[in-house]
2 protein chains.
Amino acid sequence: MAITHFLPPRRILMGPGPSDISPQVLQALSRPTVGHLDPLFIGMMDEVKSLLQYAFQTKNSFTIAVSAPGSAGMEACFVNLVEPGDKVIVCRNGVFGERMRENAIRCGAQVVVVDDEWGAPVSVDKVEQTLKDHPDAKVLAFVHAETSTGALSDAKALGALAKRFGMLSIVDTVTSLGGVPLLVDEWQLDAVYSGSQKCLSCVPGLSPLTFSPAAIDKIKSRKTPVQSWFLDQTLVLAYWSGEGRRSYHHTAPVNSLYALHEALLLLQQEGLENAWARHQTMHQKLRVGLEEMGFEFVVDTPYRLPQLNAVYFPHGVNDGAVRQHLLNTYNLEIGAGLGALAGKAWRIGLMGYGAREENVALCLSALKASLSTGS
Amino acid sequence: MAITHFLPPRRILMGPGPSDISPQVLQALSRPTVGHLDPLFIGMMDEVKSLLQYAFQTKNSFTIAVSAPGSAGMEACFVNLVEPGDKVIVCRNGVFGERMRENAIRCGAQVVVVDDEWGAPVSVDKVEQTLKDHPDAKVLAFVHAETSTGALSDAKALGALAKRFGMLSIVDTVTSLGGVPLLVDEWQLDAVYSGSQKCLSCVPGLSPLTFSPAAIDKIKSRKTPVQSWFLDQTLVLAYWSGEGRRSYHHTAPVNSLYALHEALLLLQQEGLENAWARHQTMHQKLRVGLEEMGFEFVVDTPYRLPQLNAVYFPHGVNDGAVRQHLLNTYNLEIGAGLGALAGKAWRIGLMGYGAREENVALCLSALKASLSTGS
């Protein structure tokens with residue numbers, strides 16, 4: 001069959017990301033492409049940097065967007081901050097903690113894992129004990145908001161622990177940035193990466209990243225070269241830095257950065273605190289409706305992410321059939337369970353532009369209808 | 001000053017890329033985002049694969065788009081095909097050959113460099129001699145179309161040499177794909193990567209990539225793990241493969257892939273041979289005009305890329321001032337010289353949708369006016 005234009009329908013994206021995107025951001029995406037060294041584009045990149053500093057609540061001058069998805073942002077942190085033989089403490093309470101461990105190992109690190117149950121937050125007490133047992137560790141790595149379970153960990157306490165023991169922290173904020181409080185400077189976090197397609201409601205493909213001065217010092221004093229050329233941030237730094245002539249590293253994803261600029265502008269206009277409050281308000285409405293239908297949350301109340309609602313579905317429900325029905329009948333996407341939660345739970349996202357009254361109302365109504373028809 | 005919407009002008013992009021983008025492709029880019037595991041999206045990815053197979057002229061079932069720029073495509077080839085201690089022959093006749101060398105070194109390879117002058121093609125004779133001297137080498141790496149100089153190398157002869165000596169080839173086709181003949185299967189090339197923003201005239205940020213069965217065999221028989229998690233193609237393969245359930249690797253850059261789908265569709269509709277001929281026709285018109293103005297080509301006629309015209313500008317011309325004048329007065333971007341050609345030559349691109357009569361006419365006219373005003 002001959003291939004023709006791909007004309008997707010308008011889906012309502014309530015999975016774990018990509019999230020719903022504002023029409024304003026999609027419009028920005030398709031503005032005319034300019035050269036990646038065009039003075040106008042370089043001016044826009046300076047604005048993206050400043051808007052990202054606001055979103056991350058940091059003054060870090062190294063604050064950029066990696067030209068690739070969040071998993072490349074994760075890898076950028078590990079390959080730049082970790083040298084072969086370094087001891088790294090990795091907290092694992094879901095898929096992305098495990099991915100951090102795999103990254104550390106591929107950098108030749110000596111890895112110590114602190115395990116917590118899927119759905120539980122990272123245990124600050126266990127981490128403290130582990131740091132006491134391994135005072136020679138160089139890096140503490142953890143996930144702020146576990147996308148696989150919907151659990152929020154105490155990044156402030158974990159960041160403070162890392163500082164107390166003289167370690168650098170690597171923090172996954174892919175799902176937290178823009179959805180729940182994240183204060184990079186106040187919490188003394190060192191290498192923090194995120195994704196464009198969650199609570200920022202931008203297109204997938206970019207990874208916001210910020211390095212503290214301590215992280216930059218570590219990179220500058222490395223004894224071994226960074227194993228990745230593409231992710232070697234000493235090379236990228238020259239391109240993003242505000243001063244002097246931009247040196248060419250790679251061709252920036254110009255149009256995706258237009259979209260990120262617009263999405264961050266929307267966040268700034270709303271205000272971070274208002275965005276956090278909106279996620280919480282929408283979550284409470286969704287929670288009440290889900291509980292009325294007999295869903296149980298995977299995560300205990302104090303650690304529950306408003307933007308990612310992982311719920312065990314009632315016994316007897318046909319996982320795939322219901323999700324397919326939602327998609328085919330209502331153009332509504334919710335997320336399957338991942339890893340240990342596959343076939344047991346769904347993940348309902350209320351991220352960024354997706355955290356709206358009409359989405360909550362549609363989701364509850366469509367779920368109720370789909371469950372009662374037994375599909 | 002408050003940050004507001006970024007509203008770029010319509011530039012005419014005649015640098016070394018990004019190239020002019022068809023309005024049809026920009027329109028596809030901003031279509032509604034769907035989930036990266038949505039059955040509709042997975043169907044579209046199968047079409048992208050098939051369209052890429054056409055563009056590369058290959059039946060390789062491993063034919064994908066890396067979710068990051070061409071330099072990540074380059075790195076994907078090296079980290080997957082090269083193991084620590086492997087001997088790698090790298091041909092260097094410009095910036096991107098040197099980048100290949102840096103990549104090979106970061107993989108722990110023992111690198112042998114075959115040097116040629118900037119602006120010259122890779123010498124097939126020198127390479128043959130080097131392969132004779134180093135029959136234990138595992139990989140031959142070269143650039144088909146050097147973006148820094150505009151020189152075309154004989155990928156067919158180099159591919160045949162690699163086969164004769166039982167080596168795998170890694171080939172940079174970032175600037176060649178879609179602009180000049182490239183026959184991956186017929187020429188027996190093994191690991192071939194490109195970029196979305198050159199002769200495919202798609203937005204920057206994706207890297208088409210194809211691996212031959214021999215390359216896949218090498219990856220499967222590796223003794224050491226791939227050092228990059230993000231670029232480990234054994235993990236990515238499961239996501240792109242047509243069979244069975246897609247396993248999650250990373251969130252695909254959904255909208256950029258819409259644009260690539262549309263750009264590849266346009267190429268298929270025009271026909272590869274017609275696209276190659278159009279680049280050649282436009283190049284000849286540009287060449288005549290440039291020579292009349294006293295420009296001299298960096299590259300000798302037989303090795304000259306039609307899509308990237310590197311020319312020494314006449315003595316006394318103020319490099320930066322003229323390019324700035326072209327940009328400010330005509331919204332016309334041409335490329336500066338890179339590396340050894342910085343401050344001596346310009347690079348005028350006629351890539352993909354940019355290889356059109358109106359662009360050639362505008363470029364010649366605007367250049368003539370800018371040079372005569374002495375700016």
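Quick note: numbers below take in every heavy atom, side chains included, and nothing from hydrogens, waters or symmetry partners. Reminder, nothing fancy here: chain letters follow the sequence lines and each chain counts from 1.
- For chain B, the option among A:G205, A:G15, A:P32 with the highest count of heavy-atom pairs below 4.5 Å is A:P32.
- Contact annotation for A:P23: neither backbone nor side-chain heavy atoms come within less than 4.5 Å of a heavy atom of chain B.
- Chosen from A:Q268, A:Q24, A:E47, A:Q324, the residue pairing most often with chain B at heavy-atom distances under 4.5 Å is A:E47.
- B:I3 touches chain A through backbone and side chain together, each having a heavy atom under 4.5 Å away.
- For the atom pair CZ of A:R31 and CG of B:L7, the computed distance is 5.0 Å after rounding to the nearest 0.5 Å.
- Within the 4.5 angstrom heavy-atom criterion, atoms from both the backbone and the side chain of B:F6 approach chain A.
- Using a 4.5 Å cut-off between heavy atoms, B:H261 touches chain A through its side chain atoms alone.
- Judged purely by atom type and a 3.5 angstrom limit, A:Q197 has no side-chain atom pairing as donor or acceptor with the backbone of B:T251.
- Of the listed residues A:D232, A:L264, A:V25, A:N331, the one with more heavy-atom pairs under 4.5 angstrom with chain B than any other is A:D232.
- At a 4.5 Å heavy-atom cutoff, the contact between A:L40 and chain B is made by backbone and side-chain atoms alike.
- Here the side chains of A:E333 and B:V34 are not in contact, with every heavy-atom distance at 4.5 Å or above.
- Side-chain N or O atoms of B:E102 include none that pairs as donor or acceptor with a backbone N or O of A:W229 at under 3.5 Å.
- Within residues 70-79 of chain B, the residues that have a heavy atom under 4.5 Å from a heavy atom of chain A are B:S71, B:A72, B:E75, listed by number.
- Considering only heavy atoms from C-beta on, A:P39 comes within 4.5 Å of B:L327 through its side chain.
- If you tally non-hydrogen atom pairs under 4.5 Å between each of B:A336, B:P8, B:A68, B:G108 and chain A, the highest count goes to B:P8.
- Between chain B and the options A:R10, A:M44, A:Q27, heavy-atom pairs under 4.5 Å are most frequent for A:M44.
- Chosen from A:T4, A:L338, A:V254, the residue pairing most often with chain B at heavy-atom distances under 4.5 Å is A:T4.
- In terms of heavy-atom pairs under 4.5 angstrom with chain A, the leader among B:P204, B:C107, B:G195, B:P253 is B:P204.
- Checked by atom type and distance alone, the side chain of A:R106 pairs as donor or acceptor with a backbone atom of B:S228 at under 3.5 Å.
- When the candidates A:A259, A:S256, A:P18 are compared by the number of heavy-atom contacts under 4.5 Å with chain B, A:P18 comes out ahead.
- One distance of note links OG of B:S207 with CZ of A:F230; it measures 9.5 Å at 0.5 Å rounding.
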Check your understanding: What do the steps show when you test B:L29 against A:V203 for side chain to side chain contact (heavy atoms under 4.5 Å, CB included), and what is the final call?
Key -> CA-CA 10 Å; B:L29 180 66; A:V203 288; over 6 Å; no
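- Residue contact with chain A, scored on non-hydrogen atoms closer than 4.5 Å, involves the side chain of B:F96 exclusively.
- Per-residue counts of heavy-atom pairs under 4.5 Å with chain A were compared for B:N103, B:I21, B:D38; the largest is that of B:D38.
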